[in-house]
Structure formats: C-alpha cells, structure tokens
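A short worksheet on the structure shown next.
The chain is numbered in sequence order, starting from 1.
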Amino acid sequence: PGTGKTQILASRIGRILQHTDAQPESILCLTFTKAGVVAMRQRLQQFIGASAHRVGIYTFHGFCNLVIQENPDRFGFREAEPISELDARIQVERLLDALPKGNPLRRRGGSFRSTYFEVPRLLKLYNLMNTEGLSEESIEAAIAEHLETQKQHPDFYYKRGSKNYKKGDFKEKDYQKLVDHMETLRAALATRSPYNSIKKENGWYDFDDMIHDTLE
C-alpha cells in the first residue's frame, strides 16, 4: 500500500488517451477489489476528466461476470445461481461420505480429526486450482516429479550412523510420510470433478467459476 501502483496505472492510461488515437472504451483495467476500482476511477478523473467514466475499470470477477451476462448461452448460466457456502460444504461432505473407508480423506477420531476435517481444505484446493488455472493432470505430474526428486534429497539420507542404521542409509519412514501426504493430495484431486458435476447438475456456480469459465 502506498507505493504508487494506482498513480502509475492511471498516469499511463491518461497518457495513452492524451497522446494517441486510442478511445477510452478500448482500454480495460482490472484490479482485485471494488475499492481499487473506485480509487482508479477517481485518480483517472483527475487526469482526463469525465472521459474516465468511459474506461473499462473492473474487478477480475466483475469483468468476467460482465462477459458471462453478455453471453449467457455460451456459458450455460442462463438459469444458474451462485452456490452458497453452506450448500458447497454440504456437497463436499456428501462426497466424503461416499468415499471407501480406505481413502486417505476418510479420517476419524478426536474432535479435531472428524470425518469432515478436510472439507475447508478441499474447498480451498478447488479455489486455488480455479484461480491459478491448474488441472488435475498438471498437479499429478508435479506430484510424480516431486516424489522422484525427493528420493535424491540429502534430508532423506542419514548423515550419521547408529546401531539401527548406517551413514548414508535411506530414511524409509520419512519418505513414506511424504508419499502418504501426496496420496492424500491425489485423493483430494479426485473429488474435484464430481464436485463440479454436482454444481452443474444443480445449476450452481461460484465466483471462481466466473474466472475459470471465462478463461476456458
């Protein structure tokens, strides 16, 4: 905050409009927050006056929503409505209930390790994949590469010997913990497509879908 980002961008837009043939309507400016939109518009007004209201300044979600509203049939959102946080959680809980007992996501025992312990983390994963444009395939490839490279990492080899192992021996238990962690991530990835299918069947979409579907 306060480093001059808004000032620089507004100055650049103002200079383009004052020194080129570009029209205000041909410029798109995207920011993360509604407050950022207001600040950008006000700053731009100081440079070019009323023409600032003709420049397209939106949040990322706001712009994507505009594209969707102008092309509802293309997106299949004509009869759709946003999914509530409660409905999102309920659907993920049902997905977890349907998993076999051996699945890494089916954890039980203790008030902090209930069956639905992973629900917020799963929703966060879906959010991250949408906003970063990550696919199940790309993350699967990254997991495989990570497991392979970690086999060579010095941390997985004993630096000193003892009565139970020799210097340079591989830390099988530590590596297995990493493998188990990655298997949990793989299990989480496998729930994303069913979750998206449930949303589609019920005519639901969320804010992340706005960006993801517009990019698609």
Donor-acceptor pair, distance only, cut-off 3.5 Å: does the side chain of [X] make one with the backbone of [Y]?
X	Y	value
N130	N127	no
Y175	L147	yes
N202	I198	yes
T149	E145	yes
Q150	F156	no

Over all heavy atoms of both residues, which pair between [X] and [Y] is shortest? Give the atoms and the distance, please.
X	Y	result
M210	N65	CE-OD1, 3.8 Å
A52	R41	O-NH1, 2.8 Å
I83	K199	CD1-CG, 4.2 Å
T184	P104	OG1-CB, 3.6 Å
S11	F47	OG-CZ, 3.4 Å
I16	A22	CG2-CB, 3.9 Å

One thing to verify: whether R89 and E93 come together as a salt bridge, which I'm taking to mean a side-chain N less than 4.0 angstrom from a carboxylate O.
yes
Do [X] and [Y] have side-chain heavy atoms sitting under 4.5 Å apart?
X	Y	result
L178	H146	yes
H212	M129	no
W204	P82	no
L95	Y195	yes
R192	L125	no
R186	I143	yes
L44	I57	yes
L105	F117	no

Any chance you could measure [X], atom [atom1], to [Y], atom [atom2], to the nearest 0.5 Å?
X	Y	atom1	atom2	result
I13	I27	CD1	CD1	5.5 Å
K200	D209	NZ	CG	11.0 Å
L9	T31	CG	OG1	8.5 Å
H61	D208	NE2	CG	5.5 Å
Q7	M40	CD	CE	10.0 Å
Q91	S84	CD	OG	9.0 Å

State which residues pass salt bridge (Lys or Arg N to Asp or Glu O under 4.0 Å) with K151; sequence neighbours excluded, sorted by chain then number.
E148
Neighbour count >12 (heavy atoms, 6.0 Å) for atom [atom1], [X]:
X	atom1	answer
K159	NZ	yes
E85	CD	no
R12	CZ	no
K5	NZ	yes
D155	CG	yes

What's the verdict on side chain to side chain contact (heavy atoms under 4.5 Å, CB included) for Y205 and I68, showing C-alpha distance, side-chain angles and the deciding distance?
CA-CA 12 Å; Y205 68 91; I68 291 170; 5.9 Å; no
May I ask you to decide if the ring planes of F63 and Y58 are parallel, tilted or perpendicular, using 30° and 60° as cut-offs?
tilted
